[in-house]
2 protein chains.
Amino acid sequence: MGRKTEDTPEIAASSLKELDAATSLKVAEVFKVLGDMTRIKLLALLSSADMRVSDIAGALGMGQSAISHQLRVLRGARLVKFRKEGKEAWYSLDDDHVVKLMCQALDHVSHG
Amino acid sequence: MGRKTEDTPEIAASSLKELDAATSLKVAEVFKVLGDMTRIKLLALLSSADMRVSDIAGALGMGQSAISHQLRVLRGARLVKFRKEGKEAWYSLDDDHVVKLMCQALDHVSHG
DNA sequence: CTCCTGTATGAGCATTTGTGCAAATGTTTT
DNA sequence: AAAACATTTGCACAAATGCTCATACAGGAG
């Protein structure tokens, strides 16, 4: 049977009590990167298909420079990766953690 | 101790493709609230015990005003709730979505 | 009532952030 | 070689953010 997205994080909830400053910072950094509507829409796009920079810019109705800037941020957080094909850059989600996180957040806002 | 054990059926990953602007904004707003180290440490504290404002301020080594401001933000995102007992305000996590989200993010940064 | 405690709120300020513009880099075609 | 194309990068600037300070609000004790 088709399995849905795994809803059991490998990290136990009890580990939250022992969050040191460095780890808290890293966690906050990931969330900060996700805390922007442009980047959310961008990641949602990439969840269905790999895309080039200009594709994303067109789909979101934004400048190509802005998208490139955002993709750099997303790359820095290891949320997206890309491969170069000639003069084009194809972007895709880095792993499925991204999707899990977004679904959890979607779950949260939907229950309001 | 009746915390909701309501195992919320996770939202399918396919819903991400259909994210409209309003929903993207809400999702981004939740992440934006989580994208701050002070608030992360604060939520981590609340994951193990309910606390008063002054308790949190003491534990984080910050001013009471700063914590109160942050708690307002967290309340606005429905990530924490509080009950008033006399002149004290006891804060707690609003639901277990918060813990799930943080564990997912912890999972992500740990695999780096 | 007054005083003290716990919390909330508003103003001010320094820092960060997202975007557009323009120039630079790199790749393919002519 | 140049020109066209796709993407990246540096700069600038408005808008947003987090903290501190001071003040206001509310409950309990004397």
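In the text below, chain A, chain B and the rest are named by the order of the sequence lines, each starting its count at 1.
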Please step through side chain to side chain contact (heavy atoms under 4.5 Å, CB included) for the pair A:Asp94 and A:Leu74, ending with a clear verdict.
-> CA-CA 9 Å; A:Asp94 191 310; A:Leu74 290 168; over 6 Å; no

Would you say A:Gln70 reaches C:dT17's phosphate, i.e. side-chain N/O to OP1/OP2 under 4.0 Å?
-> no

What are the two closest heavy atoms between A:Tyr91 and A:Leu46, and how far apart are they?
->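 Where A:Tyr91 meets A:Leu46 most closely, the heavy atoms are O-CD2, 3.4 Å.
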
Mind listing the closest non-hydrogen atom pair of A:Met102 and A:Ile40 along with its distance?
-> CE-O, 3.7 Å

Going through the checks in order, is the side chain to side chain contact (heavy atoms under 4.5 Å, CB included) test met by A:Asp36 and A:Gln70?
-> CA-CA 10 Å; A:Asp36 176 77; A:Gln70 300 291 27; 3.5 Å; yes

Once you round it to whole Å, what is the distance between [atom2] of [N] and [atom1] of [X]?
{"X": "B:Arg83", "N": "C:dG6", "atom1": "CZ", "atom2": "P", "answer": "17 Å"}
{"X": "B:Leu74", "N": "D:dG18", "atom1": "CG", "atom2": "P", "answer": "10 Å"}
{"X": "A:Leu25", "N": "C:dT16", "atom1": "CG", "atom2": "P", "answer": "13 Å"}

Going from CZ on B:Phe82 to CZ on B:Arg75, what distance comes out if it is rounded to the nearest 0.5 angstrom?
->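 Rounded to the nearest 0.5 Å, the CZ-CZ separation comes to 5.0 Å.
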
Does anything in residues 26-43 of chain A reach DNA chain C, meaning a heavy atom under 4.0 Å, and if so which residues?
-> A:Lys32, A:Asp36, A:Thr38, A:Arg39

What side chain to side chain donor-acceptor pair (under 3.5 Å) pairs are there with at least one residue in residues 58-68 of chain B, not counting sequence neighbours?
-> none

Should the pair B:Asp107-A:Lys100 be classified as a salt bridge under the 4.0 Å nitrogen-to-oxygen rule?
->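 The answer is no: the pair does not qualify as a salt bridge.
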
Counting N and O atoms only, with roles assigned by atom type, does the side chain of B:His108 sit under 3.5 Å from a partner on the main chain of A:Ala77, one being a donor and the other an acceptor?
-> yes

Would you give a per-nucleotide map of nucleotides 6-15 of chain D, 5' to 3', where B means the base has a protein non-hydrogen atom under 4.0 Å away, S means only the sugar-phosphate does, and - means neither?
-> SBBBB-----

